[in-house]
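Working notes for the structure below.
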Number of protein chains: 2
Amino acid sequence: MDIFTTMQEERGRLSQSENRIADIVLNDFEFAVNASIVELAGKADVSPPTVTRFCRRLGCESFSDFKVQLARTAYVGMRYFKPEPKSIAPADVAQDIITKAQNALFLLHRGLDIPAIEQASNRLAGAEMIYAFGSGGNSSMIASELQNRLFRLGLRVTASSDHSMQLMMAAAAKPTDVLIGSSLSGRNAELVRAFMLAREAKVPTIALTQSHSPVALAADITVPIDLPEGNNIYRPTSTRIAYLAVVDILASLVAYRIQPQATVTLRRIKQQLVTHRDGDDRQLLGD
Amino acid sequence: MDIFTTMQEERGRLSQSENRIADIVLNDFEFAVNASIVELAGKADVSPPTVTRFCRRLGCESFSDFKVQLARTAYVGMRYFKPEPKSIAPADVAQDIITKAQNALFLLHRGLDIPAIEQASNRLAGAEMIYAFGSGGNSSMIASELQNRLFRLGLRVTASSDHSMQLMMAAAAKPTDVLIGSSLSGRNAELVRAFMLAREAKVPTIALTQSHSPVALAADITVPIDLPEGNNIYRPTSTRIAYLAVVDILASLVAYRIQPQATVTLRRIKQQLVTHRDGDDRQLLGD
DNA sequence: GAATCCTGCAAATTATTTTCTTGATACGTT
DNA sequence: AACGTATCAAGAAAATAATTTGCAGGATTC
């Protein structure tokens with residue numbers, strides 16, 4: 001666990017002096033990582049020993065250990081508390097976007113439901129046919145990414161972003177198939193309907209979505225992805241990056257599970273690309 | 001600049017004692033962030049003052065400042081030096097993928113050519129029509145992402161992953177249009193050809209690709225994206241995430257540039273989605 | 001052979017932690 | 001209700017540990 005989370009969780013259980021320290025660290029992180037124990041104590045209006053005790057309570061060895069822990073999570077974790085970019089200068093915009101993306105990955109990792117992912121990858125690895133569903137600019141990309149990643153492993157996959165097709169496919173699917181759907185908001189009603197249909201037909205379903213959302217509830221297995229969205233309307237979706245990472249993880253696990261088969265297929269695809277020299281992802285298959 | 005890069009760059013200019021310190025820090029990072037100056041000095045077989053001088057030379061205020069800097073970059077930067085995941089246990093695979101993705105973002109940020117990005121976004125903002133090209137599972141995704149992001153801003157865009165279409169479009173484009181192409185490897189010959197065609201017709205071209213690659217050389221403006229690929233054949237493309245981030249940055253800058261127009265279009269699209277309730281990216285337009 | 005630079009020693013300084021003590025609060029007892 | 005005791009927080013001072021500075025010897029280079 002990282003120190004920031006710990007600090008926020010412990011917040012209630014701390015004494016008032018300790019809370020003041022926590023406040024300062026949380027608010028003025030830059031100051032905190034650079035300050036000595038005396039400076040920090042001074043600013044919080046407490047004595048140095050209190051700071052030491054504060055660090056210990058948070059599970060650190062010592063004050064300097066605390067600072068290291070702090071600096072450690074800072075790069076990613078901290079920025080989460082910072083609001084919008086300082087300016088719209090290109091460098092700031094770039095930094096903001098990259099930071100947000102890193103943050104999304106950070107938070108994703110924190111909240112990842114490993115057992116669910118494992119279960120999902122097992123299902124996928126054993127499926128006779130996989131249907132990947134998603135609509136809207138973002139989820140449809142996830143769906144095709146699933147297709148893209150899984151077909152390379154020698155699996156039978158089709159992706160669809162078309163609601164009507166999704167319903168028909170869900171109706172046509174067999175219990176030995178798997179239906180996997182993505183919805184960033186978790187409120188894609190059509191996808192829910194497709195999942196319902198699948199459920200009636202005993203087709204296993206996997207959802208990549210926000211937990212407790214309608215889509216999540218409609219699926220057999222949910223791989224929850226819960227991230228706060230930034231609020232700049234021009235700046236969507238570091239969330240999408242988190243989804244892609246999840247697809248990456250799923251595909252990797254499936255690959256490990258069906259290793260021999262996958263190697264052969266990959267080699268064949270690669271051969272194809274090298275021979276033709278016009279593909280654009282030779283490198284991406286490894287070299 | 002981060003301390004790791006600095007350390008590696010300074011490596012040659014350091015004295016032997018200092019080099020020994022650098023070695024230890026580079027190799028056993030975990031030890032280094034936790035050690036006191038005496039411990040570190042002991043392990044490197046030098047005196048504590050030498051360690052202090054070492055830190056100063058690297059541009060740090062003091063030893064503790066050095067440790068903070070170290071811990072700071074560690075989360076992302078350090079992992080870069082670590083090899084493949086420890087095991088194929090789901091949790092390790094997940095961590096590996098996420099770390100690699102964060103790393104890609106980190107390296108992207110480090111190597112970002114801001115002026116090029118700014119230039120590119122200006123061109124895009126002023127284009128009468130935008131053609132977004134990319135082939136192969138990955139770059140075609142980038143192309144459609146460009147389309148997806150830019151059309152929301154009220155720009156005229158079309159994306160194509162079809163070589164023949166690309167050539168025809170390049171031939172049909174006017175000097176007031178812009179052609180933007182993505183190639184992860186930089187060796188997509190067809191894209192190079194399309195760029196050549198565009199050049200003849202004085203159509204401005206933008207490339208998202210590896211610097212110094214054929215594609216980069218064929219374009220007017222190159223936004224270089226240089227990242228080392230991991231070598232696990234099942235594990236492609238934290239690179240793709242970096243490309244997406246670049247698209248995000250470009251789109252944001254374009255948005256800022258044409259603000260009033262963009263707001264209106266976004267509102268309209270959003271209206272559309274809310275009314276129909278079946279889209280999946282209401283949130284992604286902001287709220 | 002001179003100058004420069006590296007390096008460690010010892011001293012000085014600074015930072016951190018431990019110990020001890022005080023004061024406050026809560027709880028149980030009369 | 002009042003008193004006493006236990007418990008805990010928090011600071012002061014002392015002790016300890018860590019870090020830095022100044023200085024001098026030694027190596028290296030020109």
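In the text below, chain A, chain B and the rest are named by the order of the sequence lines, each starting its count at 1.
Between A:F54 and A:F63, the distance from one ring center to the other does not fall under 6.0 angstrom.
Between A:R53 and A:A35, the residue whose closest nucleotide on DNA chain C is further toward the 5' end is A:A35. Position along DNA chain D of the nearest nucleotide to A:E18 versus B:T52 favours A:E18 as the more 5'-ward residue.
At least one side-chain heavy atom of B:R53 sits less than 4.5 Å from a side-chain heavy atom of B:P49. Residues A:S47 and A:T50 meet the side-chain proximity criterion, which asks for heavy atoms closer than 4.5 Å.
Within the model, atoms CD of A:Q119 and CD1 of A:I114 stand 13.0 Å from one another, a figure rounded to the nearest 0.5 Å. Note that the CG atom of A:L250 and the CZ atom of A:R123 stand 13.5 Å from one another [nearest 0.5 Å]. Rounding to the nearest 0.5 Å places CZ of B:R149 at 5.5 Å from OG of B:S252. Atom-to-atom distance recorded for B:L146:CG and B:L208:CG is 6.5 Å, nearest 0.5 angstrom.
One finds no salt bridge joining A:D248 and B:R240 here, because no Lys/Arg side-chain nitrogen approaches an Asp/Glu carboxylate oxygen to under 4.0 Å.
Rounded to an integer number of Å, the gap from CZ of A:F54 to P of C:dT17 is 14 Å. Taking atom CD1 on B:I37 and atom P on C:dT13, their separation rounds to 18 Å, with Å as the unit.
Taking all atoms of both residues into account, the shortest heavy-atom contact from B:A116 to B:T222 is CB-O, 3.5 Å.
Using a 4.0 Å heavy-atom cutoff across all strands shown, A:R56 reaches sugar-phosphate atoms only and no base atom. Note on B:V51: nothing from the nucleic acid sits closer than 4.0 angstrom, heavy atoms only.
Within residues 57-65 of chain B, the residues having any heavy atom under 4.0 Å from DNA chain C are, by residue number, B:R57.
If you walk DNA chain D from 5' to 3' and mark each nucleotide with an atom closer than 4.0 Å to a heavy atom of chain B, the marks span D:dT19 to D:dT21.
Of the N and O atoms on the side chains of A:S17 and A:S15, not one donor lies less than 3.5 Å from an acceptor on the other residue.
Helix bend of the helix from C:dG1-D:dC30 to C:dT30-D:dA1: the angle between its two end axes, each built from five pairs, comes to 20° after rounding to 10°.
For the side-chain contact (heavy atoms from CB on, under 4.5 Å) criterion with B:V223, the lone passing option out of B:D113, B:T209, B:V246, B:I249 is B:V246.
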